[in-house]
Amino acid sequence: EGGRIAYDRVELAEKLSDRAFVAQFAPGTVGAAYRHFLDSTGYSADGLVEVSREGTGAEEDQAHPYAWMGRRIRDSHDIWHVLTGYQADESLGEACLVAFSYAQVGGLGWAFIAGAASLKSIKVTGSRLFAKAVWEGYRHGRAAKWISGEDVLAILHEPIETARARLGIREIGRAHV
């Protein structure tokens with residue numbers, strides 16, 4: 001699917017910011033879970049775009065394949081929260097998803113954030129539980145199918161448990177509950 005997806009160059013933020021589009025998904029699907037995620041967190045695809053641009057001064061809307069792929073990864077971030085089950089809590093869940101993302105896309109920034117969060121937690125709490133959960137996120141990302149090569153818009157229509165099984169996304173450990 002990757003070649004077709006890259007050829008089509010759909011801008012996910014535009015689709016995912018359309019409330020009518022997000023409202024269409026049947027109960028039990030990834031799309032319905034994504035809608036619930038947006039409603040319960042107050043997050044939005046547009047908000048993710050704004051946060052990613054804060055303080056950078058960079059223009060990400062350039063017509064270049066690398067820029068498009070970066071936007072695609074950014075715009076699917078919250079869908080990855082839904083698929084993996086990691087909460088968007090600015091702490092453990094986010095650190096685990098960052099580690100999962102590093103395993104999937106290989107960006108060293110992801111590794112740095114996950115490692116720094118783990119080290120900070122060890123320093124503050126004296127416990128390695130947080131770091132073990134982050135390491136689990138990395139291992140789960142390595143074990144899963146390459147999600148960036150998937151048609152995100154098609155995944156939204158899949159039953160969530162079917163999508164997780166097809167993508168090889170493992171159930172998260174008890175440290176995340």
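Note: hydrogens, waters and symmetry copies are ignored here, and every other heavy atom, side chains too, is used.
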Criterion side chain to side chain contact (heavy atoms under 4.5 Å, CB included) on Arg142 and Arg139, from CA distance to verdict: CA-CA 5 Å; Arg142 294 275 300 176; Arg139 288 192 333 268; 5.7 Å; no

CD1 on Ile73 to CG on Leu12, rounded to 0.5 Å: 10.5 Å

Approximate separation, where rounding is to 0.5 Å, of His36 NE2 and Leu38 CG: 10.5 Å

Over all heavy atoms of both residues, which pair between [X] and [Y] is shortest? Give the atoms and the distance, please.
X: Ile169; Y: Ala144; value: CG1-CB, 4.2 Å
X: Ala133; Y: Cys96; value: O-SG, 3.4 Å
X: Thr41; Y: Phe37; value: OG1-O, 2.7 Å

N/O donor to acceptor pairs below 3.5 angstrom from side-chain atoms of residues 150-167, sequence neighbours left out:
residue: Glu150; atom: OE1; partner: Arg166; partner atom: NH1; Å: 2.8
residue: Glu150; atom: OE1; partner: Arg166; partner atom: NH2; Å: 3.1
residue: Glu150; atom: OE2; partner: Lys145; partner atom: NZ; Å: 3.0
residue: Asp151; atom: OD1; partner: Leu153; partner atom: N; Å: 3.1
residue: Asp151; atom: OD1; partner: Ala154; partner atom: N; Å: 3.2
residue: Asp151; atom: OD2; partner: Arg4; partner atom: NH2; Å: 2.7
residue: Glu158; atom: OE1; partner: Arg166; partner atom: NE; Å: 3.2
residue: Glu158; atom: OE2; partner: Arg166; partner atom: NE; Å: 3.4
residue: Glu158; atom: OE2; partner: Arg166; partner atom: NH2; Å: 2.7
residue: Glu161; atom: OE2; partner: Arg164; partner atom: NH1; Å: 3.0
residue: Arg164; atom: NE; partner: Leu83; partner atom: O; Å: 2.7
residue: Arg164; atom: NH2; partner: Val82; partner atom: O; Å: 2.7

Pairs touching residues 103-123 that satisfy ring-ring contact (aromatic ring centres under 6.0 Å, His included), sequence neighbours left out: none

With a 4.5 Å heavy-atom cut-off, do [X] and [Y] have their side chains touching?
X: Trp135; Y: Lys132; answer: no
X: Ser148; Y: Met69; answer: yes
X: Leu16; Y: Ile79; answer: yes

Hydrophobic cluster identity match, Phe130 and Val124, side-chain contacts under 4.5 Å: no

Partners meeting ring-ring contact (aromatic ring centres under 6.0 Å, His included) with [X] (sequence neighbours left out):
X: Trp146; answer: none
X: Trp80; answer: Phe100
X: His140; answer: none

For Gln24, side-chain hydrogen bond (donor to acceptor under 3.5 Å, both in side chains) partners two or more places apart: none

Any pair counted as side-chain hydrogen bond (donor to acceptor under 3.5 Å, both in side chains), so long as it reaches residues 93-109, sequence neighbours left out: His77-Glu94, His81-Glu94

Pairs flagged by salt bridge (charged side-chain N to carboxylate O under 4.0 Å, His left out) wherever residues 26-44 is involved - sequence neighbours left out: Arg19-Asp39

Stepwise side chain to side chain contact (heavy atoms under 4.5 Å, CB included) check, Ile172 with Glu136: CA-CA 8 Å; Ile172 58 178; Glu136 177 189 84; 4.0 Å; yes

Over 12 non-hydrogen atoms of neighbours within 6.0 angstrom of CZ in Arg128: no

Partners meeting side chain to side chain contact (heavy atoms under 4.5 Å, CB included) with Ser127 (sequence neighbours left out): Thr125, Leu129

Whether His64 and Tyr66 hold their rings parallel, tilted or perpendicular, with breakpoints at 30° and 60°: tilted

Counting only pairs under 3.5 Å, give me each side-chain donor-acceptor contact of residues 114-123, with atom names and distances, residues two or more places apart or in other chains.
residue: Ser118; atom: OG; partner: Ala114; partner atom: O; Å: 3.0

